[in-house]
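All remarks here apply to the structure that follows.
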Amino acid sequence: MKKKLDETQIRHQLLNPEKYTFIILDEVTSTNDIAKANFKDEHQYLICLAEKQTNGQGRLGRTFISNESVGIYMSLIFKPNNSIKSYKNITTYIATCVAKSLEDVLNLKINIKWVNDIYLNGKKIGGILTTGETNVTTLKYNYLIIGIGINIYKQKFEENIKNIASSIEEETNKIIDRNYLIALILNQIGDNLDMINNNHMNFYRERLLMKNKQVLLKYAYEEEIVQIIDVDDEGRLIVKKDNIIKKVNSGEITRMIVKNA
Ligand code: BTN
């Protein structure tokens with residue numbers, strides 16, 4: 001049965017419910033907006049969830065399609081205590097937590113497209129967007145928002161993304177309880193994001209999509225064809241071009257290059 005988002009049901013399944021405050025709404029522009037507008041000093045983790053987003057945000061200014069009651073649209077906001085550099089691997093950490101939770105529920109292998117895309121059966125079923133506000137005096141974040149979007153139930157995707165995007169139900173025919181999965185993900189993330197390290201990177205690397213493949217890698221103003229080698233412990237993509245290995249901090253793998261024989 002497909003149930004509505006429900007704070008009580010999520011709370012019942014949390015390991016440390018007292019650490020979380022929830023805001024659950026029917027329709028929002030973006031749960032990130034709600035998180036930012038409502039975050040207060042007394043919150044350890046404020047979790048904002050919505051049945052629908054009218055302006056769901058993805059990486060690189062893109063839209064994250066957030067149809068009504070068919071996905072998890074969740075933002076977790078917190079105040080980091082450590083210096084900015086302590087959180088540079090947070091997106092790979094969250095991607096790992098989401099992948100682990102999905103693997104537990106589905107008993108299937110999840111893949112991760114560097115750096116933040118969650119894939120099942122070669123289709124994108126979710127993504128993670130980490131945003132923050134930097135305090136230039138303290139060199140700390142005023143806050144960090146972790147936005148997690150997962151396509152759970154069947155839905156109609158627009159023509160331009162229907163070959164890339166899918167949902168868990170579409171791929172597996174399973175009807176997952178969103179409240180259960182939300183609790184599982186929050187438990188997996190844990191209640192001390194100030195203490196993340198690189199221990200998750202082996203799990204992340206084992207699920208890396210397009211490893212050893214030639215891909216088109218897009219940067220802000222240019223693009224190049226490279227071979228994906230791996231991801232290092234700091235979450236940087238290791239690529240090879242003209243026999244030279246280099247590490248890339250940001251950019252986007254847009255597609256695999258298939259050479260004709
Ligand atoms: C991506 O695929 O590029 C990242 C998608 C992140 C989507 C989530 S849904 C909850 C939160 N609110 C948003 O507007 N975006 C994130």
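Start at 1 and go down the list; that is how both ligands and their atoms are numbered. From a predicted model like this one, the values you see are computed outputs, not experimental measurements.
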Show your working on ring-ring contact (aromatic ring centres under 6.0 Å, His included) between Tyr20 and Tyr45 and close with a plain yes or no. CA-CA 5 Å; Tyr20 306 85; Tyr45 287 144; 5.6 Å; yes
Could you check whether atom CD of Glu133 has more than 12 heavy atoms from other residues, nucleotides or ligands sitting under 6.0 Å from it? yes
Name all residues meeting the salt bridge (charged side-chain N to carboxylate O under 4.0 Å, His left out) criterion together with Asp6; count only those two or more places apart in sequence or in a different chain, and write none if there are none. none
N-O pairing of Glu234 and Arg236 below 4.0 Å: yes
Using distance alone, with no hydrogens and no angle criterion, decide if Thr91 and Thr130 have a side-chain donor and acceptor under 3.5 Å apart. yes
Amino acids in close contact with ligand 1, where any non-hydrogen atom sits under 4.0 angstrom away: Ser30, Thr31, Asn32, Gln53, Gly56, Gln57, Gly58, Arg59, Phe64, Tyr73, Met74, Ser75, Asn116, Asp117, Lys124, Gly127, Ile128, Leu129, Gly147, Ile148, Gly149
When you group the ILVMFWY residues by side-chain heavy-atom contacts below 4.5 Å and let the links chain together, are Ile47 and Ile23 in the same group? no
